[in-house]
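Accompanying notes for the structure given below.
Every chain is numbered from 1, with letters handed out A, B, ... down the list of sequences. None of the values given here were measured: they were computed from a predicted structure. The figures here come from the full heavy-atom set of this structure, side chains too, leaving out hydrogens, waters and symmetry mates.
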2 protein chains.
Amino acid sequence: MPDPMYRQIAEQLREEIESDRFDADKPLPTESQLQVSHKVSRNTIRQAIDLLDGWGLVEKRPGSGTFIRKQYEPFVTTLSEWQKKSGSEDKPGSEDESDSGLGGGEGAAAFNEVKARGRMGKFLSPRVEIQLASKNVSERLRVPPGTNVISRHQQRFIDGQPWSLQTSYYPMDLSDRGATQLLLAGDIKEGAVKYLGDVLQLKQVGYRDRIAVRRANETELRFFGLREDANIPVFILLRTAYGVDGASTEPFPFRFTESVFPSDRNQFVINVGNVPDGLAEPAKI
Amino acid sequence: MPDPMYRQIAEQLREEIESDRFDADKPLPTESQLQVSHKVSRNTIRQAIDLLDGWGLVEKRPGSGTFIRKQYEPFVTTLSEWQKKSGSEDKPGSEDESDSGLGGGEGAAAFNEVKARGRMGKFLSPRVEIQLASKNVSERLRVPPGTNVISRHQQRFIDGQPWSLQTSYYPMDLSDRGATQLLLAGDIKEGAVKYLGDVLQLKQVGYRDRIAVRRANETELRFFGLREDANIPVFILLRTAYGVDGASTEPFPFRFTESVFPSDRNQFVINVGNVPDGLAEPAKI
DNA sequence: GCAAATTTGTTCGTATGTATT
DNA sequence: CAATACATACGAACAAATTTG
């Protein structure tokens with residue numbers, strides 16, 4: 001039993017696209033042209049192109065045409081530490097935290113990784129709000145639901161492309177005790193982790209990342225320039241950071257971060273134990 | 001300008017589904033019924049339902065009806081180690097590796113995590129093949145492309161549901177030097193890492209994970225019971241494991257593993273440094 | 001076990017709307 | 001403003017898968 005016509009046509013177009021038989025800058029043949037050349041109705045052509053669209057291969061622009069979607073060079077974010085400490089063993093949580101804290105995707109460390117990979121990062125100034133803790137945030141920060149928390153939201157770009165959306169939540173407690181910069185909309189140049197260490201003797205000792213994938217919501221579709229039809233899901237990276245300070249030797253959560261990364265241009269790397277030096281290149285999948 | 005009809009209808013149906021206004025066991029109203037109740041053509045109803053299908057909310061069964069898709073309780077896999085070592089600091093790569101090696105998603109450790117989470121794991125017997133190393137495999141294992149490598153492919157189930165597909169590649173070298181069990185189709189009860197340690201004094205000292213997301217291929221759609229329309233992508237987890245043995249103190253890659261997890265039922269957790277004890281619960285996203 | 005009824009799948013033709021050039 | 005190209009919507013017919021009597 002052969003596949004239905006629209007699927008056969010879609011497969012054929014896919015094959016033609018992937019072997020560069022179309023000009024990448026110019027639109028594909030129009031629906032009317034394809035309707036003629038494949039001797040089917042325009043509806044059937046549209047079904048075929050809708051498939052390609054759902055596969056993320058093409059992008060339809062009303063009034064203009066159907067174009068081949070540009071494939072991104074994936075950007076790799078290292079979630080564990082990625083800078084080897086010279087002259088010290090590789091011990092997360094040990095005493096010699098460098099400027100980037102434990103590294104891996106945090107503000108300062110993330111920016112450094114972008115630079116180290118020879119790409120151009122642009123992190124907009126954070127938008128700061130006092131919010132009531134959602135159930136999720138209150139559970140992670142161990143504050144009662146509805147408590148005020150500091151929310152710092154930031155848009156990040158790489159090579160001019162929208163790259164990630166990040167929101168960090170801090171207990172109000174921290175600003176009350178003197179970390180007042182958390183309330184200012186500007187960047188914290190040295191990185192929030194180092195700042196909290198300097199001001200409150202709050203030292204990050206570890207973090208837990210959770211990775212999941214879901215469909216992009218309205219805001220995310222708009223910011224990342226994704227078309228809903230293309231069905232590009234987003235990574236959700238939830239990080240709970242733990243620290244100790246003078247008052248407590250038992251680690252407690254002091255920051256909860258939710259980051260959103262479109263899956264068409266992002267990958268993650270985790271190094272555990274002793275692995276070769278150097279930044280990991282993207283995986284071919 | 002209001003949304004088109006099919007989108008309005010889709011949103012309304014979504015709202016009705018999410019507030020449990022339909023019986024989860026019985027099909028939704030048929031296309032003909034909806035066509036009447038919404039006073040539109042059947043094609044328009046089909047467009048609306050196709051949207052819900054693409055959102056993964058419903059599942060269409062020809063001849064039978066349209067059903068609400070069951071949501072999975074996500075299974076969480078810890079990629080870093082997840083068992084605290086009693087009486088020892090938390091140092092990956094240190095001397096006191098327990099039974100599960102460095103832990104985190106490996107055969108033995110993965111099975112233990114499933115058990116620890118109170119769920120029922122079933123890992124089928126691996127299918128073993130001698131293959132020519134692909135470009136990807138040869139790069140990771142640092143063997144010339146086209147060299148023979150051992151491939152061990154395994155299907156994994158949790159609570160009776162297909163959960164992941166995993167293929168590990170080992171240099172032939174290892175079996176030549178005595179690790180002959182790698183060539184047998186049976187399970188390696190103690191875990192491959194421990195086995196290699198016992199037989200070849202090959203000790204795992206670290207690993208690097210890469211995480212990406214892509215569309216499921218034919219095989220994966222079939223195995224995981226996914227419908228193409230539902231557009232559920234899969235996680236790709238690539239792990240390169242490094243070890244040392246008597247002959248070399250410089251870590252070298254001895255195993256490369258590619259695992260595939262459907263994103264509708266899987267999440268990952270990474271612990272870095274000092275984090276609270278206990279298995280992390282799924283993220284709410 | 002088979003035939004009929006039901007339900008979704010495919011394809012056609014047509015008309016009109018909306019966005020872009 | 002006109003032409004072009006994709007978007008929405010209607011109606012119809014037949015096919016294929018599944019359930020039911």
Exercise. How would you label the contact of Arg46(B) with the nucleic acid (heavy atoms, under 4.0 Å): base, sugar-phosphate, or nothing?
Worked result: base
Exercise. Considering only side-chain heavy atoms of Glu31(B), which listed nucleotide, dC6(D), dC10(D), dG9(C), is closest?
Worked result: dG9(C)
Exercise. Starting at CD of Glu228(A) and ending at C1' of dC6(D), how long is that distance when rounded to a whole Å?
Worked result: 17 Å
Exercise. Which nucleotide sits closest to the side chain of Ser64(B): dT8(C), dT19(D), dT21(C)?
Worked result: dT19(D)
Seminar exercise, completed: From NZ of Lys39(A) across to C1' of dC12(C) the rounded distance in Å is 17 Å
Problem set entry | Arg42(B) side-chain proximity, nearest of dT7(C), dA13(D), dT11(C) | dA13(D)
For this session: Quickly work out the Asp50(A) CG to dT10(C) P distance and round it to whole Å.
Result: 13 Å
Problem set entry | Check ion pair Arg119(A)-Glu73(A) (N to O, under 4.0 angstrom) | no
Seminar exercise, completed: Per atom distances to the Asn43(A) side chain, the nearest of dT8(C), dT19(D), dA9(D) is dA9(D)
For this session: Could you say whether Pro62(A) or Arg7(A) is positioned toward the 5' end of DNA chain C, judged by the nucleotide with the nearest heavy atom to each?
Result: Arg7(A)
For this session: Ignoring backbone atoms, establish whether Tyr6(B) has a side-chain N or O less than 4.0 Å from OP1 or OP2 of dA9(D).
Result: no
Problem set entry | Atom NZ of Lys39(B): over 12 foreign heavy atoms under 6.0 Å | no
For this session: Have a look at Ser32(A) and say if it touches a base, only the backbone sugar-phosphate, or nothing, with a 4.0 Å heavy-atom cut-off.
Result: nothing
Problem set entry | Separation of dT6(C) C1' from Leu28(B) CG (nearest whole Å) | 16 Å
Problem set entry | dT7(C) OP1/OP2 closer than 4.0 Å to side-chain N/O of Lys60(B) | no
For this session: Take atom CE of Met5(A) and atom P of dG9(C), then tell me their distance rounded to the nearest Å.
Result: 19 Å
Exercise. Nearest to the side chain of Thr66(A), which nucleotide is it out of dC6(D), dT8(D), dC12(C)?
Worked result: dC6(D)
Problem set entry | Arg61(A) to Phe67(A), cation-pi by 6.0 Å centre distance and 45° axis angle | yes
Problem set entry | Approximate separation, where rounding is to 0.5 Å, of Thr77(A) OG1 and Ile158(A) CD1 | 6.5 Å
Problem set entry | Proximal nucleotide (of dT11(C), dC6(D), dA9(D)) relative to the Thr44(B) side chain | dA9(D)
For this session: Please report, rounded to the nearest Å, how far the C1' atom of dG9(C) is from the CG atom of Asp229(B).
Result: 11 Å
For this session: Quickly work out the Gln35(A) CD to dA5(D) P distance and round it to whole Å.
Result: 13 Å
Exercise. How are the rings of Phe268(B) and Phe261(B) set relative to one another: parallel (under 30°), tilted (30 to 60°) or perpendicular (over 60°)?
Worked result: perpendicular
For this session: Give the rounded distance in Å between these two atoms: CZ of Arg61(B) and P of dT20(D).
Result: 13 Å
